[in-house]
There are 2 protein chains.
Amino acid sequence: MTPEPNLLAVIQRQLSELNKSEAKVAKAILNAPEEATRSSIASLAAAAGVSEPSVNRFCKRFGATGFPDFKLQLATSLASGVRYVSRAVEFSDDINTFPTKLFDNAINALMTAKEELPLKAIARAVDQIAQARRVYFFGLGTSAAVARDAEHKFFRFNVPVFTHEDPLMQRMLAASAGVGDLFFFISHTGRTKVLVEAAEIARQTEASIVSLTAEGSPLADKSHCCINVKVEEDTEQYLPMTSRLVQLVILDVLAAGVTLRRGEGFTPHLARIKDSLKDTRFQTS
Amino acid sequence: MTPEPNLLAVIQRQLSELNKSEAKVAKAILNAPEEATRSSIASLAAAAGVSEPSVNRFCKRFGATGFPDFKLQLATSLASGVRYVSRAVEFSDDINTFPTKLFDNAINALMTAKEELPLKAIARAVDQIAQARRVYFFGLGTSAAVARDAEHKFFRFNVPVFTHEDPLMQRMLAASAGVGDLFFFISHTGRTKVLVEAAEIARQTEASIVSLTAEGSPLADKSHCCINVKVEEDTEQYLPMTSRLVQLVILDVLAAGVTLRRGEGFTPHLARIKDSLKDTRFQTS
DNA sequence: TCATTATGTAGTAAATTTACTATTTTTAAA
DNA sequence: TTTAAAAATAGTAAATTTACTACATAATGA
């Protein structure tokens, strides 16, 4: 029994692959999920404009044994209070609605990412980082801030870490790379030309290339190891929001992985770094 | 409809006040709550050793309209109570456990933050940003990356935006501020000395000071408007992870708020910025 | 014993599912 | 293209399961 943590997201995702009446049912449920959990199969069928067996088939398509079981799963996934369907902010929104929408979208993205975590790629990336002699984190735009954040995390592992936002620096560093160097590219689309070019240049050296980007993208093609992030985000229309959150958490995961790899003996080292900050803060009164 | 947050606890509490057959039903449910949500009234009655109407009466006694409604409430309260606990990564963790833990922690933090969102402070911050002539985002350490991210978001609003990681630059800019300048300080603890000092300097000018930090901290005290983030994170022992995620989403919220404030006429402007990136990407094949 | 409460029986209405049929859509061949 | 066969989709009707109500019986306490 592995109940889907967020059924609505699954429905939303498969919406395009459903046939006519199934899509009608899906829309009716997405419109009023809470109500659906309290409806009978007859009233939901009426609301969707389909027959009762169609609703039943819909339920089975999504892994339920039948309608009641489906309602149960729906209620369970609704219980956390998160709206599991990404909703765009509209101009009719106000202070009471749009913050919630954005938080829900963020939570939703993390939950989806968590379900589809490419553990094998992550494990390999941890290996590579743990062994690297030097690590470069390269990103542009929003991903540059992510790269900066990564720098802040990974310098703790006694490996020299570098970030550069300047594409020319990125190219030159890529060109001068050698054995033991690791280039970590971060990009939501995986299609930013200058970044892909830098990866291409690095690829001609002995360096390893790890990327955190979209599956099948040009950047992924250039990488020895690619951590795929599947975040459905319309970056053409909106700003990247959720994708960078997922990227950050995955980098946290990698950092934790390296920490575990270093073993318990490494803890004092981390503590020393922590301690160095003590005098920079006002004490808690 | 205000469903009881934890139905099982309520049943447990009232156990002594129930009559014989109701007590039997209660025990059967407490024994196997998950199973109860999947049972029919007949099978639950059999499991409890009572008749079906007894089960029905039991349900009504606890505020449900009937057995299906009761099952729904039970399922809901079972779903919510479970995964609300942050779990630390331990050295006994492996690739199959620690990524999930970290994602869960991140999701939890966002869910908690969402429930305690300081909407009034957010609305005020949006006002101030929308009116500002210039905006400075200042943070240090992990928060520097957040500030960088903010810069990337807010320059779109036709307001000059600046970030500096250099504390000396921060001080000097704070000192030279005037009417219409907005300083936006980002800090998890709100106790970083150099940042608080910069805020103090800025406070002596005509500039407005907004901060995204912990309630009651020295930094919060210096601010005209403080957006409190309550994230329980042991930064003494671990790296800051979840707090910066919450900060990022709140900055997204602020950006969305400013966009809404600018109104629909502003959309073409945003679209133009988007378009400027088109030629930097490889086209989707 | 009587009144009151508690519990169970049986029947009914409602809801769900199954099996089957008509229709539409797709596929492949002419 | 056009046509015919195959596959899929969606609905009808009937069977089955489920939940509830009214009523009867049993238990309890005064």
Side-chain angles (χ1 to χ4, degrees), chain A residues 1 3 7 10-11 13-78, chain B residues 1 3 7 11 14-78:
Chain A
M1 195 198 75
L7 190 52
V10 176
I11 296 173
R13 206 183 312 143
Q14 299 212 1
L15 200 55
S16 56
E17 293 160 31
L18 299 176
N19 50 42
K20 257 188 264 170
S21 60
E22 283 176 336
K24 281 187 201 168
V25 178
K27 277 177 196 158
I29 291 169
L30 292 173
N31 258 336
E34 290 87 358
E35 206 186 309
T37 61
R38 282 177 263 112
S39 306
S40 69
I41 196 169
S43 53
L44 181 59
V50 299
S51 68
E52 297 175 22
S54 292
V55 176
N56 197 269
R57 281 187 285 259
F58 174 90
C59 296
K60 289 188 174 165
R61 192 184 212 287
F62 284 93
T65 65
F67 184 69
D69 184 48
F70 178 86
K71 279 200 292 189
L72 201 73
Q73 291 190 29
L74 188 59
T76 305
S77 73
L78 244 39
Chain B
M1 196 199 74
L7 189 51
I11 294 173
Q14 300 213 2
L15 200 56
S16 57
E17 295 160 31
L18 299 175
N19 51 43
K20 258 190 263 174
S21 60
E22 282 175 340
K24 282 187 201 165
V25 178
K27 277 176 195 158
I29 291 169
L30 292 172
N31 257 336
E34 289 87 0
E35 204 184 313
T37 62
R38 281 178 264 113
S39 305
S40 69
I41 194 169
S43 53
L44 181 59
V50 299
S51 67
E52 297 179 23
S54 291
V55 175
N56 199 271
R57 281 186 282 262
F58 175 91
C59 295
K60 288 186 175 165
R61 195 185 210 287
F62 284 93
T65 65
F67 183 69
D69 184 47
F70 178 85
K71 279 200 294 190
L72 202 71
Q73 290 190 30
L74 187 60
T76 305
S77 77
L78 283 177

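Lettering follows sequence order; numbering is per chain, from 1.
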Please confirm whether the shortest side-chain N or O distance from [X] to OP1 or OP2 of [N] is below 4.0 Å.
X	N	result
A/S54	D/dG11	yes
A/S51	D/dA10	no
A/K71	C/dA15	no
A/N19	D/dA10	yes
A/K20	C/dT25	yes
A/N56	C/dT17	yes

Is there side-chain contact between [X] and [Y], with at least one heavy-atom pair below 4.5 Å?
X	Y	result
A/R38	A/E34	yes
B/F58	B/V50	no
B/F70	B/V55	no

* Check A/A64 against A/D69 and note the closest heavy-atom contact, atom names and distance. => CA-OD2, 3.2 Å
* **Smallest separation among heavy atoms of B/E52 and B/I41, with atom names** => O-CD1, 3.7 Å
Distance in angstrom units between [X] [atom1] and [N] [atom2], rounded:
X	N	atom1	atom2	result
B/E52	C/dA10	CD	P	12 Å
A/D69	C/dT16	CG	C1'	13 Å
B/K60	D/dA22	NZ	C1'	12 Å
B/F58	C/dT7	CZ	P	12 Å
A/L18	D/dT9	CG	C1'	13 Å
A/F67	C/dA14	CZ	P	17 Å

As a test of reading the structure: which of [options] is closest to the side chain of [X], going by heavy atoms?
X	options	result
B/P53	C/dT7, D/dA10, D/dA22	D/dA22
B/I41	D/dA19, D/dG11, C/dT9	D/dA19
A/S40	D/dT12, C/dT9, C/dA15	C/dA15
B/R57	C/dG8, D/dC20, D/dT21	C/dG8

* To do: Would you indicate what A/K24 reaches in the nucleic acid, counting non-hydrogen atoms under 4.0 angstrom: base, sugar-phosphate, or nothing?
  => nothing
